[in-house]
Amino acid sequence: MADVSMEKIVQLCKSRGFVFPSSEIYGGFAAVYDYGQLGVELANNIKSAWWKAMVQYRSDVVGLDSAIFMSPKVWEASGHVTGFSDPLAECKSCHARVRVDHLLEEIGVIADEKMSEEQINSLFTENMAKVACPKCGKHDFSPAKSFNLLVKANLGNFTNDLTREPVYLRGETCQGIYVNFANVLTSSRKRVPFGIAQIGKAFRNEITARQFVFRTREFEQMEMQYFTHPDQEMVEYERLRQLRWQYYLDLGIKAENLQWHKHENLVFYAKEAYDIEYRYPFGFTELEGVHARGDYDLTQHSKFSGTMLDYTDPVTNEKYTPHIIESSVGVGRTLLAVLVDAYTEEEVEGEVRVVLKLPKALAPMKIAVLPLSKKEELQGPANNILTSLKRNWMVDYDETQSIGKRYRRQDEIGTPYCVTVDFETLNDQAVTVRDRDTMAQERVAIVDLENYFKQKLA
Ligand code: ATP
């Protein structure tokens, strides 16, 4: 288990403005969260790091931003309408709804997505005495039923005609990539192998609403789908696996908190599937999926749309349906992993110092400008420094409470540097810069500050 509890993370997120429960003044809205003033910065920095690694630094991947609403046919072709479901049961005593595969997993019994409703039910009945309702602790449940996770909408349904095909909020972002394969191919002049990446919202009727932003009903995904020659699929897959592992190390995640999990029971079209798991406070669990999907996606969309999504090699003239390897990760799961990884408690002069040792690139605020007193003579230079630094970085400003308390506050939100403007500044035109991790302080001339931080935050 991680060294920090979920309670501490949730509390920090709420009190400092990273994450708030949705619609809180109305009592909240289960499994939906809002990102506050620091959360939105952290999430933006995570998305930017991902985009740089997956699109900007590569010449074989392009970006996309497809719509959330899509033709209902997309979800039929993808298999989501019939097969995108989790096994749900109800506690006969308190009526809590539970995910049967998760309950079984807790006692070491694997009920995977390939199993039929009957198979899961027979496992469930066999083990019913051993699994307890997370709400009331009883052991009596209704039989498990497949519960479809797609979220229905009534977009454009002005007639209230319920016999019309339902429209869905997308359950994953990658379908928007598959259906644009031909558009990107002809407009970008890319050749196989190449990839399409996108970041966007996805929606799922998750049965259980636990574990904070780890599992939410509305969330953002960062997905890259890579189109390969069938013979090259597994070679490219190994390359992608290594790349994604290195990505987390480069992001600053500790290697000991990451592990691979190999899927043993694959869906029929998959060649291989691994998850990168992170050591969350509730145990090692999926952070990202890296999967080799064969030609399933393009074949299905060719069949259902009538548009052949194949590829002709311009050199060899070979015609084939590209195979797809994918990397798929949630912004919320990354944000939670980053926070858990960075959370540190240290003893300083007999007191506990809470520090978020966030990688500088991810820190929501890079610098805090702190005038030693609220006196006008310090506010003037402090504000000038603030305005000038803000051109390059997100900079916080705080002039209330003792300087020690203000340092602690910035430590708690992971700000790498504090700039203190004191009375000496008026004489020497210099400020004190304090380092979050070492707490070391040094005097830097105001004229040199911009270059100083350009080097420190590079
Ligand atoms: P799980 O088994 O945990 O339900 P999954 O295997 O269904 O996840 P995928 O469909 O592979 O997840 O989605 C890819 C990624 O999207 C996941 O690795 C995760 O990071 C993220 N993700 C999926 N569902 C959610 C959710 N409900 N809330 C937040 N992130 C999610």
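Note that the numbering runs from 1 along the sequence shown for the chain. Just follow the structure's listing: the first ligand is 1, and inside any ligand the first atom is 1.
Distances from atom 11 (O) of ligand 1 to the heavy atoms of Glu277, Glu286, Arg333 put Glu286 nearest. Residue nearest to atom 25 (C) of ligand 1, selected from Phe212, Phe84, Phe219: Phe219 (by heavy-atom distance). Of the listed residues (Glu220, Glu172, Gln221), the one carrying the non-hydrogen atom nearest atom 13 (O) of ligand 1 is Gln221.
With 3.5 Å as the limit, one finds no donor-acceptor pair spanning the side chains of Tyr178 and Gln300. Thr228 and Glu236 share no donor-acceptor pair across their side chains, judged by distance under 3.5 Å alone. Neither side chain, Tyr343 nor Lys357, offers a donor N or O lying under 3.5 Å from an acceptor on the other.
Under the 3.5 Å distance criterion, the side-chain polar atoms of Arg217 are matched with a main-chain donor or acceptor of Glu206. Not a single donor-acceptor pair under 3.5 Å links the side chain of Arg204 to the backbone N or O of Glu218.
Under a cutoff of 6.0 Å and an axis angle of 45°, Arg16 and Phe18 do not form a cation-pi pair.
Contacts with ligand 1 closer than 4.0 Å are made by side-chain heavy atoms of Arg204 only, the backbone lying farther away. Neither the backbone nor the side chain of Asp275 comes within contact range of ligand 1; no heavy atom lies under 4.0 Å.
Among the atoms of His291, none of the N or O lies under 3.5 angstrom from an N or O of ligand 1. Considering backbone and side-chain atoms alike, Gly330 places an N or O below 3.5 Å from some N or O of ligand 1.
With hydrogens left out, the protein atom closest to atom 14 (C) of ligand 1 is Ser328 OG, 2.9 Å, a heavy atom. Protein heavy atom in closest approach to atom 29 (C) of ligand 1: Phe214 O, 3.2 Å. The nearest heavy-atom contact from the protein to atom 28 (N) of ligand 1 is Thr216 N, 3.0 Å.
Using cut-offs of 30° and 60° for the angle between ring planes, the Phe181 and Phe227 rings count as tilted.
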Could you walk me through whether Tyr296 and Thr321 pass the side chain to side chain contact (heavy atoms under 4.5 Å, CB included) test, one step at a time? CA-CA 9 Å; Tyr296 177 76; Thr321 302; over 6 Å; no

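Of all atoms in ligand 1, listed by their number and element, those nearer than 4.0 Å to a heavy atom of Glu206 are 24 (N), 26 (C), 27 (N). Every atom of ligand 1 with a heavy atom of Gly289 under 4.0 Å away is listed here by number and element: 18 (O). The distance from ligand 1 to the heavy atoms of Leu287 drops below 4.0 Å at these ligand atoms: 18 (O), 19 (C), 20 (O). For ligand 1 and Glu288, the ligand atoms under 4.0 Å from any heavy atom of the residue are 18 (O).
Arg191 is listed as a side-chain neighbour of Tyr311, based on a closest heavy-atom distance under 4.5 Å.
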